[in-house]
Number of protein chains: 2
Amino acid sequence: MFRLAEYVPYLLNRAGARIAGSFSAELAAHGISLQAWRVLAALLDATALRMGDLGRLTSIDVSTLTRIVDGMEAQGLVKRRRGPDDARSVWVEPSARGRALGRRIVPEALRYESIALEGFSADEAAQLRSLLVRVFANMDRLGGVRARPRRKAG
Amino acid sequence: MFRLAEYVPYLLNRAGARIAGSFSAELAAHGISLQAWRVLAALLDATALRMGDLGRLTSIDVSTLTRIVDGMEAQGLVKRRRGPDDARSVWVEPSARGRALGRRIVPEALRYESIALEGFSADEAAQLRSLLVRVFANMDRLGGVRARPRRKAG
DNA sequence: TATTGTTATACTCTATAACTATA
DNA sequence: TATAGTTATAGAGTATAACAATA
C-alpha cells in the first residue's frame, strides 16, 4: 500500500510549489520574480558573485540565470562586470537599489517562512530546517544543476 | 542577515524540484510523467475517483488534470466514466494495466524516498514526514489549487 | 582541449479565462 | 445561479545544444 499523502518527495515538491507560487504572487508587487529575489538574497551577503557561483547558490541553471540577470540589469538592480583575473568570468554585483530592494523583501520572506511553520515550536522549526538541509545535500549528490558534459552524446 | 541556504521555503522548493526532476527522468522509461504517476498512485487505493477529488489528492489543477488524464486514457492506463447520480461529474478508474504499472513503480518511488532520506534514522525520517505533513497543511490553508471565483474580476 | 557565459529552442507546469453541460 | 469538467492560451521554469571568448 502506498500513501501519496505521506510520501516525502511528494510533500516536498507540493509544499515547495505551493509556497513558491504564493510568494511569487506577492513579489510581483515589487516587480520581480521569485528567482530574481533569490539572486538578490544570495547577493545580500556578498559584494559580488560570478555567474557560476550564483547559479550554484540559487540552484538556477546558468542558462536560465543569464536571462534573469539580463532582466535585473535592465531594472538597475544588479550590474555585470568582467573579472580582471579571468576574462571569461562575469561578476554580478548588486546596485544600491538592488540591495535596498533585497533588504526590503527579507521581512516578507521571513513572514512566509513563519506561515509555513505556523504552530511549530522553535525546536521543531530548527529540527525541520536541519533535516531539510540534509535532504537537500542528499539530492545535491544525485546530480542536478547540470554536471556538464554538455557535448552531444553521440 | 539572511541565509538562503537555511531558509525553509527555499530548501523545500529546491529539494522538491531536484527530486522531481530526477524521478521524472526515470519515469520516462515507463512512458509516463511524474504527474501521471501521481494520478496512478492516488488511484491505487481507490476503485475510482472524480476529477475534482483526484485534483485535490494530487495537488494538480483540474484544467491540467484533464490533459494528463487524456494522455493516460490514450495509453490505456485509466478510463473515464460518467457518474449515474450526478451527470456532471466524471469518474476516473484505473485499468488493469494502469494498476499493474502503478504497482510496478511503487518500489522505485520508495527507492527515491530513501535516497532523499539517506543517512536518516527511522526516527528522523518519521519526524521529517510528520513535520512536512504539517507544513503542507499550513500551505494548504494559504490558498492554492484555485479557490475558484473563476469569473472575471472586473 | 576545457571552462565561462550567452543564445536559441523545446517541453513541462501553472494559472487564467471562457465555454459546455448539468444541477 | 452554481458546480464539474473541458478547452485555449500565455507565462514561468527547466534542460539541452550549439556557440564565442578565453584559458
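Each chain gets a letter, A, B and so on, in the order its sequence line appears, and its residues count up from 1.
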TODO: Answer with yes or no whether the side chains of A:S63 and A:D61 bring together a donor and an acceptor at under 3.5 Å.
DONE: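 Present: a donor and an acceptor within the cut-off.
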Can you check nucleotides 12-14 of chain D for protein contacts, nitrogen or oxygen pairs under 3.5 Å, and list what you find?
| from | atom 1 | to | atom 2 | distance (Å) |
| --- | --- | --- | --- | --- |
| D:dT14 | OP1 | B:R14 | NH1 | 3.1 |
| D:dT14 | OP1 | B:R14 | NH2 | 2.7 |
| D:dT14 | OP2 | A:Q35 | NE2 | 2.8 |

Would you mind reading off the distance between [X] atom [atom1] and [N] atom [atom2], rounded to a whole angstrom?
X: B:L54; N: D:dA4; atom1: CG; atom2: P; result: 14 Å
X: A:L65; N: C:dT7; atom1: CG; atom2: P; result: 13 Å
X: A:F23; N: C:dT14; atom1: CZ; atom2: C1'; result: 19 Å
X: B:M51; N: C:dA21; atom1: CE; atom2: P; result: 18 Å
X: A:R18; N: C:dT14; atom1: CZ; atom2: P; result: 10 Å

Set of residues satisfying salt bridge (Lys or Arg N to Asp or Glu O under 4.0 Å) with respect to [X], sequence neighbours excluded:
X: B:R104; value: none
X: A:R97; value: none
X: B:E118; value: A:R141
X: B:D53; value: B:R50, B:R56

TODO: Compute the angle between the rotation axes at the two ends of the helix from C:dT1-D:dA23 to C:dA23-D:dT1, each taken over five pairs, rounded to 10 degrees.
DONE: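 The two end axes of the helix from C:dT1-D:dA23 to C:dA23-D:dT1 meet at 10°.
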Task: Pairs meeting criterion salt bridge (charged side-chain N to carboxylate O under 4.0 Å, His left out) with involvement of residues 65-79 of chain B, two or more places apart - done: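 Of all non-adjacent pairs touching residues 65-79 of chain B, those that pass salt bridge (charged side-chain N to carboxylate O under 4.0 Å, His left out) are B:D70-B:R80, B:E73-B:R80.
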Open item on the list: Please list all pairs meeting salt bridge (charged side-chain N to carboxylate O under 4.0 Å, His left out) that have one or both residues in residues 29-45 of chain A, counting only residues at least two apart or in different chains.
Closed with: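 Output for this query lists A:D45-B:R3.
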Task: Non-neighbouring partners of B:F136 that pass ring-ring contact (aromatic ring centres under 6.0 Å, His included), sequence neighbours left out - done: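 Per chain and number, B:F136 pairs via ring-ring contact (aromatic ring centres under 6.0 Å, His included) with A:Y10.
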- [ ] Would you kindly confirm whether A:Y7 and B:L43 end up in one hydrophobic cluster when ILVMFWY residues are joined by side chain heavy atoms under 4.5 Å apart?
- [x]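 As far as the 4.5 Å side-chain criterion goes, B:L43 and A:Y7 are connected within one cluster.
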- [ ] Mind checking side-chain hydrogen bond (donor to acceptor under 3.5 Å, both in side chains) for B:R88 and listing every partner two or more places apart, or none if nothing turns up?
- [x]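 So B:R88 forms a side-chain hydrogen bond (donor to acceptor under 3.5 Å, both in side chains) with B:D86.
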TODO: Not counting sequence neighbours, which residues clear side-chain hydrogen bond (donor to acceptor under 3.5 Å, both in side chains) with A:E93? List them please.
DONE: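 Partners of A:E93 by the side-chain hydrogen bond (donor to acceptor under 3.5 Å, both in side chains) criterion, ordered by chain and then number, come out as A:R81.
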Task: Phosphate contact (D:dT6 OP1 or OP2) by B:R80 side-chain N/O below 4.0 Å - done: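 Indeed, a polar side-chain atom of B:R80 lies that close.
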Task: Near-strand residues of residues 81-95 of chain B, defined as heavy-atom separation under 4.0 angstrom from DNA chain D - done: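 Correct list: B:R88, B:S89, B:V90.
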